[in-house]
Amino acid sequence: MAVLVIADHDGAHVRDTTAKTVTAACAISGDVDVLVLGASLSGAAAGAAAIAGVRKVLTAESAALGQGLAEAVTDLVVSLAGGYDAILTPATSTGKNFIPRIAAKLDVSQISDIIEVVDAKTFVRPIYAGNALETVKSSDAKIVGTVRATAFKAAGEGGSAGIEAAAVPGSAGRHADFVSEEVVKSDRPELAGAKIVVSGGRALGSAEEFHKVIEPLADKLGAAVGASRAAVDAGYAPNDYQVGQTGKVVAPDLYVAIGISGAIQHLAGMKDSKIIVAVNKDADAPIFAVADYGLVADYKTAVPELMEELARIGK
Amino acid sequence: MKVLVPVKRVIDYNVKVRVKPDQTGVDLANVKMSMNPFDEIGTEEAVRLKEKGAATEVVVVSIGPAQAQETIRTALAMGADRGILIQTDQDLEPLAVAKLLAAVIAQETPGVVVMGKQAIDGDNNAVGQMLAALLDWPQATFASGIEISGDTAKVTREVDGGLQVLSVALPAVITADLRLNEPRYASLPNIMKAKKKPIDIKSTADYGVDVANRLTVLKVTEPPKRQGGVKVADVAELVSKLKNEAGVI
Ligand SMILES: Cc1cc2nc3c(=O)[nH]c(=O)nc-3n(C[C@H](O)[C@H](O)[C@H](O)COP(=O)(O)OP(=O)(O)OC[C@H]3O[C@@H](n4cnc5c(N)ncnc54)[C@H](O)[C@@H]3O)c2cc1C
Ligand SMILES: Cc1cc2nc3c(=O)[nH]c(=O)nc-3n(C[C@H](O)[C@H](O)[C@H](O)COP(=O)(O)OP(=O)(O)OC[C@H]3O[C@@H](n4cnc5c(N)ncnc54)[C@H](O)[C@@H]3O)c2cc1C
């Protein structure tokens with residue numbers, strides 16, 4: 001039994017999600033290899049090799065892999081699949097894009113969003129926006145799936161796996177072509193792995209207000225910024241800020257929801273946070289049912305007060 | 001050009017599901033069912049392509065129980081031209097759904113498939129990518145914008161960190177994200193008209209593909225309940241609790 005983990009990384013570093021997926025992989029087998037693919041992998045391969053429990057790191061470089069094109073990733077992973085009983089990657093939008101394609105090429109069912117490894121063939125995953133958890137047992141020869149990283153502890157450091165280059169197959173079939181990319185660079189922590197997240201909802205009313213209120217509070221706390229779907233749809237925040245069933249799933253130590261009502265779909269993305277704070281002027285808002293500390297207040301007065309109070313305690 | 005739109009009948013997004021006490025699944029008796037919201041977005045996009053003259057016909061396909069006809073009727077009322085129901089009471093896995101859709105596509109030869117990125121019951125986010133793999137077609141998932149000119153589509157995708165634009169030669173599979181469009185409400189006259197539009201009823205056996213499930217559901221359980229509901233009086237109490245009680249700041 002061996003497991004291949006496809007790394008989530010930014011070229012220079014492997015993300016925390018990768019070390020967490022390694023933990024899930026180690027519950028399946030002791031032989032865990034990590035595949036780092038992309039256009040330039042300077043630091044990421046070394047980062048993967050240092051994750052405790054990793055047997056070997058494979059690297060694969062090409063322009064198409066760097067663009068995350070599902071067709072190229074699939075060709076590569078299918079060419080390596082013979083040596084593995086399971087193929088896992090974190091459930092990021094990149095991973096969700098290619099994993100089902102790989103599963104179908106290998107003629108196996110996909111296990112989406114694994115939150116627990118019961119045994120090598122049995123997994124727990126959320127369905128219905130996390131309102132039910134199903135335990136599924138696979139009869140397929142191979143397991144192909146995505147791992148909800150927030151459900152696993154990161155594997156430690158101190159590994160010293162060898163690094164090998166994998167052969168990258170030429171593109172055989174029809175594929176999409178990369179045109180352009182608009183990636184917002186930010187000095188804030190990434191939403192998916194942040195220890196603290198401050199999210200704003202429809203209540204903010206405009207993009208300016210979102211910048212003026214949510215971002216300074218996030219910066220004061222060293223937090224990532226999130227948003228509800230309503231805030232994203234209305235253009236107050238970019239699409240990749242969306243937290244929820246159909247956006248990002250986060251589980252920080254502290255989640256602060258400002259002017260968010262707490263719809264089922266939003267809760268699906270944050271209800272596993274350690275501590276939830278809600279600021280909402282409606283005392284009956286459903287968000288309060290999951291909040292550890294609910295403050296019934298207008299954010300317009302509460303957030304400035306919060307900034308002051310944080311400053312007072314030295315934040 | 002023909003556009004094919006798979007549509008799934010799912011529990012309405014406003015319904016909070018309840019797990020059955022015997023842990024065999026969720027209770028779907030007497031709950032409101034609707035078209036998967038992402039499939040409304042897919043249908044809307046296809047109808048707009050037709051209205052713009054980029055498409056000539058919109059065919060919707062659903063795989064599900066007899067009542068999935070209502071879901072198809074909803075799409076027809078939004079402006080789709082005809083429907084195909086592959087009637088089954090089996091809960092099919094994404095791979096089986098993709099295989100059936102691939103078989104339908106072999107017969108229908110659409111120029112593009114526009115579908116939801118995710119069904120809000122299974123939450124798999126898989127069928128579109130699997131379908132593209134089985135057909136060996138390019139894929140463009142999580143679309144927030146589609147421009148078709150001639151036999152290429154330029155698709156803007158919502159990705160981690162921002163947006164990506166891909167160019168795909170048609171035929172291709174495109175999956176819709178939330179921001180692609182705002183689906184219309186069907187007007188009463190269009191709902192009446194939809195009643196006369198044809199729906200072809202098929203069975204899974206008609207397509208001769210392997211739809212056996214590979215996964216066995218051992219049990220369905222409720223997630224751990226959160227102990228929330230505590231209110232604080234003011235900001236000072238909030239900050240003090242975060243610092244001293246929770247220790248998170
Ligand atoms: C298919 C589908 C997928 C979805 N996926 C997601 C998802 O992934 N993530 C997600 O978030 N949503 C998702 N949604 C949308 C979800 O159902 C809700 O519509 C959305 O979460 C509401 O956002 P909101 O809480 O910001 O807005 P609202 O529900 O409008 O809530 C605004 C809140 O702000 C409060 N408020 C107003 N003014 C103030 C003030 N001055 N001070 C303090 N509080 C104030 C109000 O009391 C209210 O509670 C999805 C919906 C569908 C159909
Ligand atoms: C209690 C319960 C347990 C289940 N357990 C499992 C399980 O363990 N494993 C499993 O794989 N499935 C299971 N299912 C079935 C599951 O809900 C889905 O029907 C199936 O897996 C398809 O996945 P999805 O709907 O999440 O697809 P997604 O990949 O999320 O759907 C994406 C898109 O594919 C299209 N599509 C999907 N299904 C259909 C359809 N039937 N007809 C037309 N278009 C469609 C739509 O355009 C949709 O937007 C279970 C269902 C229930 C009720």
Side-chain angles (χ1 to χ4, degrees), chain A residues 70-71 74 92-94 96-97 100-101 103-105 108-110 112 127-128 130-140 173-184 221 229 233 238-240 246 253-254 264 271 275-276 288-296 302 305-306 309-310 313, chain B residues 16-17 19 26 93-95 98 118 120-126 129-130 132-134 136-142 144 154 158-169 178-179 214-223 226 228-232 235-236 238-239 241-243 246 248-249:
Chain A
E71 295 85 351
T74 301
T92 62
S93 71
T94 315
K96 289 178 187 170
N97 184 41
R101 193 170 176 109
K105 284 284 184 202
V108 304
S109 234
Q110 165 183 318
S112 312
I127 51 175
Y128 294 99
N131 287 305
L133 305 179
E134 64 170 7
T135 305
V136 293
K137 188 175 171 68
S138 170
S139 61
D140 278 319
R174 299 181 52 225
H175 57 84
D177 291 302
F178 177 85
V179 178
S180 62
E181 195 166 52
E182 233 178 85
V183 173
V184 188
L221 290 166
R229 174 193 173 181
D233 280 4
N239 59 271
D240 68 315
T246 61
D253 291 343
L254 173 61
I264 300 171
K271 72 176 160 55
I275 297 290
I276 295 173
F288 286 127
V290 301
D292 300 282
Y293 304 115
L295 179 63
V296 181
E305 276 176 40
L306 191 51
E309 192 66 20
L310 289 169
I313 63 160
Chain B
K16 186 165 189 291
V17 298
V19 172
V26 301
E93 287 165 13
L95 185 62
Q118 168 177 354
I120 60 162
D121 52 357
D123 277 337
N124 276 298
N125 194 330
Q129 298 87 319
M130 289 185 155
L134 297 174
D136 250 318
W137 286 5
Q139 71 184 53
T141 53
F142 323 149
S144 64
K154 211 164 107 186
E158 295 196 356
V159 295
D160 292 329
L163 297 170
Q164 182 189 52
V165 181
L166 294 182
S167 162
V168 287
L178 294 167
R179 259 71 60 180
R214 315 291 185 81
L215 305 177
T216 313
V217 179
L218 300 181
K219 61 176 180 190
V220 176
T221 54
E222 238 173 280
R226 240 197 120 83
V230 179
K231 298 233 169 73
V232 291
V235 167
L238 173 63
V239 171
K241 291 228 153 129
L242 287 176
K243 192 169 157 62
V248 288
I249 56 171

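Numbered from 1 within each chain, the chains take letters A, B, ... in sequence-line order.
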Heavy-atom pairs under 4.5 Å with chain B, option from A/G294, A/A132, A/A302 with the top count: A/G294

Under 4.5 Å to a heavy atom of chain A? For B/A98 that would be neither

Audit row: B/L95, A/V108, side chain to side chain contact (heavy atoms under 4.5 Å, CB included) steps and yes/no: CA-CA 7 Å; B/L95 185 62; A/V108 304; 5.7 Å; no

Any donor-acceptor N/O pair, A/E134 side chain to B/T221 backbone, under 3.5 Å: no

Is the closest basic N to carboxylate O distance between A/D292 and B/R226 below 4.0 Å? yes

Begin with the C-alpha distance, continue with both residues' side-chain angles, and end with the deciding distance and a verdict on salt bridge (charged side-chain N to carboxylate O under 4.0 Å, His left out) for B/D136 and A/K105. CA-CA 9 Å; B/D136 250 318; A/K105 284 284 184 202; 3.1 Å; yes

Could you tell me whether a side-chain N or O of A/S139 sits under 3.5 Å from a main-chain N or O of B/R214, the two making a donor and an acceptor? yes

Of A/I264, A/D253, A/L221, the largest count of non-hydrogen pairs under 4.5 angstrom with chain B goes to A/I264

Treating B/Q139 as the side-chain partner and A/N97 as the backbone partner, does any N or O pair qualify as donor plus acceptor under 3.5 Å? yes

Need one label for A/A291: side chain, backbone, both or neither, based on atoms under 4.5 Å from any heavy atom in chain B. backbone

With side chains defined as the heavy atoms from C-beta onward, is the minimum distance between B/L166 and A/V179 less than 4.5 Å? no

Name the region of B/V159, side chain, backbone, both or neither, that has any atom closer than 4.5 Å to a heavy atom of chain A. both

Test side chain to side chain contact (heavy atoms under 4.5 Å, CB included) applied to B/D123 and A/T246, step by step: CA-CA 9 Å; B/D123 277 337; A/T246 61; 5.6 Å; no

Select, from A/T74, A/N239, A/V183, the one with the greatest count of heavy-atom pairs under 4.5 Å involving chain B. A/N239

With sequence neighbours left out, the residues meeting side chain to side chain donor-acceptor pair (under 3.5 Å) with A/E182 are none

For chain B, find which of A/E71, A/K96, A/R101 contributes the most heavy-atom pairs closer than 4.5 angstrom. A/R101

Between A/E305, A/R229, A/K271, who has the most heavy-atom pairs with chain B when the cutoff is under 4.5 Å? A/R229

Evaluate side chain to side chain contact (heavy atoms under 4.5 Å, CB included) for A/E181 paired with B/L163, printing each intermediate quantity in order. CA-CA 6 Å; A/E181 195 166 52; B/L163 297 170; over 6 Å; no

Region of B/L238 that comes under 4.5 Å of a non-hydrogen atom in chain A: side chain

At a heavy-atom separation under 4.5 Å, does B/A246 approach chain A through its side chain, its backbone, both, or neither? both

Counting distance only, does the side-chain N/O of A/S112 pair as donor-acceptor with the main-chain N or O of B/N124 below 3.5 Å? yes

Side chain to side chain contact (heavy atoms under 4.5 Å, CB included) assessment of B/D160 paired with A/T94: CA-CA 7 Å; B/D160 292 329; A/T94 315; 3.7 Å; yes

Whether B/R179 and A/D233 form a salt bridge (side-chain N of Lys/Arg under 4.0 Å from carboxylate O of Asp/Glu) is what I want to check. yes

Is it the case that B/K231 places NZ or CZ above or below the six-membered ring of A/Y293, under 6.0 angstrom from the centre and within 45 degrees of the axis? no

